[in-house]
Every structure is written in C-alpha cells, then in structure tokens.
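Data block below; observations after.
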2 protein chains.
Amino acid sequence: MDREKLLAAVKQQVTDHRYQHILGVMETSIQLARQYGANEKKAEIAAILHDYCKFWPEDKLRKIIKRTPQIPKDLLDYDKELWHAPVGAEVAKQELGIQDEKILNAIRYHTSGRERMKKLEKVVCLADYIEPNRIFPGVEELRELAKQDMDAALIKAFGNTITFLVNRGKKVYPLTVMARNSLLSEKNAIRRTD
Amino acid sequence: MDREKLLAAVKQQVTDHRYQHILGVMETSIQLARQYGANEKKAEIAAILHDYCKFWPEDKLRKIIKRTPQIPKDLLDYDKELWHAPVGAEVAKQELGIQDEKILNAIRYHTSGRERMKKLEKVVCLADYIEPNRIFPGVEELRELAKQDMDAALIKAFGNTITFLVNRGKKVYPLTVMARNSLLSEKNAIRRTD
C-alpha cells in the first residue's frame, strides 16, 4: 500500500484529533530520519501506522495480545496505554501487508521503547513525544534537545514518562526503564572512547 | 553469634557515622517487625548486618559478585551503591555463619527491593529509609506513612529513589521498579477483594 492508501486506512480507525497527531508524527519522523540518517520512507510508514489501534476496544486488544506468541503477556499487567503499540505492529503485518521488520519494530516499541533501540525506532518514538500538536510541560525543551542529540532527547522523554507515572502512583513498565538505561549506557560507552 | 558479637563485628567494618545508622536501622526494624508481625529477632540480626560490606573496596565487591553464581551479573552495570547488599548476604553466610534464608534475603534485597518481597525484607528495607538519623526531603512523610501502612511507605520510598535517579540522569535498577510495581499490584488485589 502506498502512503495515501495507508493514510486513508488509518483515518478510518481514529478520531480527527488523533489523525492530526499522526500527521504531526509523520512530518517529525521524516525530519528526524533525515537529520539522523534513518530511512525516511520507512519512518513515514511506521509513523502513519503507529497509532492504528489506539482506539480499539480494550477487549479486542487483550484478545490479540493473548493469542499472539510474540507479544509479552506481562503487558496485560500494565497500563492499557501500552497495548496498542505491539498490537498495531501485529495488525500492520497481518492486515496491511507490512513485512519490513524495522517498520514493524518502530510501531511495536513506539510507546514502551526497548533495550538497544534501532535508529528507526528512536525516530518514531521521539517524534511521538515532540510532534507539533503535543502540549505538555517540558515539550519545548525536548524539541530543542531533539535538534542536537536524539539519544539525549529520548533519555529525557523516557525520564519524564517514568517520573510522571511514579508521581501518579502508577506502575512503570520495566522495558521503558531498560530502554532509558540502555541509552545511558550507550552514551557512556561513546564518552569513554572519545 | 549473638547480637553483641555481631555488633562488634560490624563496628570494625564501618565508620562511626555508619554504625550509628546501623543502630537506628536495628531499632526501627524491631519496631516495624513488632507492628507488622515479622520475626523481631531475625529483623534485628538482618538490620545489624545489612551494611556490613558498605565500605569494602569496589574491586573486592566486584570480585565477589563475579564469583558468586547467585548474584546477578547485571548489577555490575548499575550504581555501586547496590553492590554491598547481595555481597553482604554472601559474607553473612560464609563468614558469619548466618544460615537463615529469610535473614539473608532481608540483607540481600535491602537496597534494590525485589518482586513479591517478604515481610522481613520490607521491614529492613523500609527501616533503612526512615531510621531516626536519616535526613532527606520527605523523610517525615515516610515515617508517618510507615506507622499506617508499610507497603504504602515502601511504594513511596522506592518512588522517591526512582525519581531521584531519573532527575540526576542516572540509570535505574529494574528490580527496584519491579519491587514497586509488585507492591502496587498487591495493593490493587487487596482493594479488589475488599
């Protein structure tokens, strides 16, 4: 499917407000991919599809998580906000014919992150935080940081998510902590070889 | 070894300041054990020994971690502040003759916490945060909470540790996040059956 067909397919799945967000993530992903040397076309497709299942009913998401061997079952113990990402990757593969594993992983990990994230995964994950429609305390700082250093921006973004959840008495998905730890380790390794 | 011998052994391993902290953890552990129905004698022994290796040289701690199969090696990728706890449990067993697994686990997990913590582990871990010599922002709130609800106090304490590390750009040991998640899950399970 080409870009227009994918956009039309997504438009049917989400609210108008969310569709505007998706267009923002698409534009920002293309920019970040260009700046940091990821594949722009793949970034565009992953961004278009990243929230495909955002408004699917909880029961439907739960069923797909349960029946899909690749999706870790511990997700069901955590915030439902995390569910649409791995399910979205599964649906993109099964129903929309996306076979490229890099695109699928960028969809799959766009909310949680993971250890040793690939460049395309970082691009879509960060674009999701900073696309122009996003308004939250600290978003401008993240946008500035994203222009200088994608990893530093992601470390900050994951840190914000972690403290946000802790301050609200919510559980924190361990993979997000591990994603942030992994980025910090990479940074330290780079510093040591400087 | 009885209490006096253990105290004398510990006194040789730590600074005077740290020894005062250990006495504080001992008193607070006994109080918490009494209030929440853990074994007071075991709480006392675990508290006396919890910081036995606190000032051991980094190299010595690293060697013991490397040669001890039971100690997870990923600890070496995290803050050295975490190392003395599992090493302390090993030393308590090998050199001080402590065989009781409950006591050893209370020493082992007093800094990191872990999933599904036992009562004795919670007692020593929380006492370490709130003993009378501790001074940090929010410690009074923790002390008050500890009088009402040990799990709620630990959730708060782990949350403080997590946000402290995130705000300082440090890695967060995943087990601490999992300890907090586990306590939150237990609380929700209790609420659901109320």
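So that the names make sense, note that chain A is the first sequence line, chain B the second, and so on, each numbered from 1. These values consider heavy atoms only, across backbone and side chains, with no hydrogens, waters or symmetry-generated copies.
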If one checks every heavy atom of A/F158 against chain B at 4.5 Å, the contacting part turns out to be neither
ILVMFWY network linking B/V14 to B/I64, side-chain heavy atoms under 4.5 angstrom
yes
Honestly, the part of A/K156 sitting under 4.5 Å from a heavy atom of chain B is neither
Margin query: Can you confirm whether more than 12 heavy atoms, excluding those of A/K73, are under 6.0 Å from its NZ atom?
Written below: yes
**Report entry** Within one Ile-Leu-Val-Met-Phe-Trp-Tyr cluster: A/I30 and A/L126, side-chain cutoff 4.5 Å
**Finding:** no
If one checks every heavy atom of A/I155 against chain B at 4.5 Å, the contacting part turns out to be neither
* Would you say the side-chain atoms of A/N181 pair up with the backbone N or O of B/V172, donor to acceptor, closer than 3.5 Å? -> yes
Hydrophobic clusters here meaning ILVMFWY residues chained together by side-chain heavy-atom distances under 4.5 Å, can you tell me if B/Y173 and B/I107 are in one?
yes
Correct closest heavy-atom pair for A/R180 and B/K171 would be NH1-CA, 4.0 Å
If one checks every heavy atom of B/L165 against chain A at 4.5 Å, the contacting part turns out to be backbone
Would you say that more than 12 heavy atoms from the other residues, nucleotides or ligands in this model lie under 6.0 Å from the CD of B/Q12, or not? no
The interface call for A/N167 against chain B, heavy-atom contacts under 4.5 Å, is side chain
In this structure, OG1 of B/T163 is separated from CZ of A/F164 (nearest 0.5 Å) by 14.5 Å
>> Tell me whether B/V25 shares a hydrophobic cluster with B/L145, the cluster being built from Ile, Leu, Val, Met, Phe, Trp, Tyr side chains joined at under 4.5 Å.
In response: no
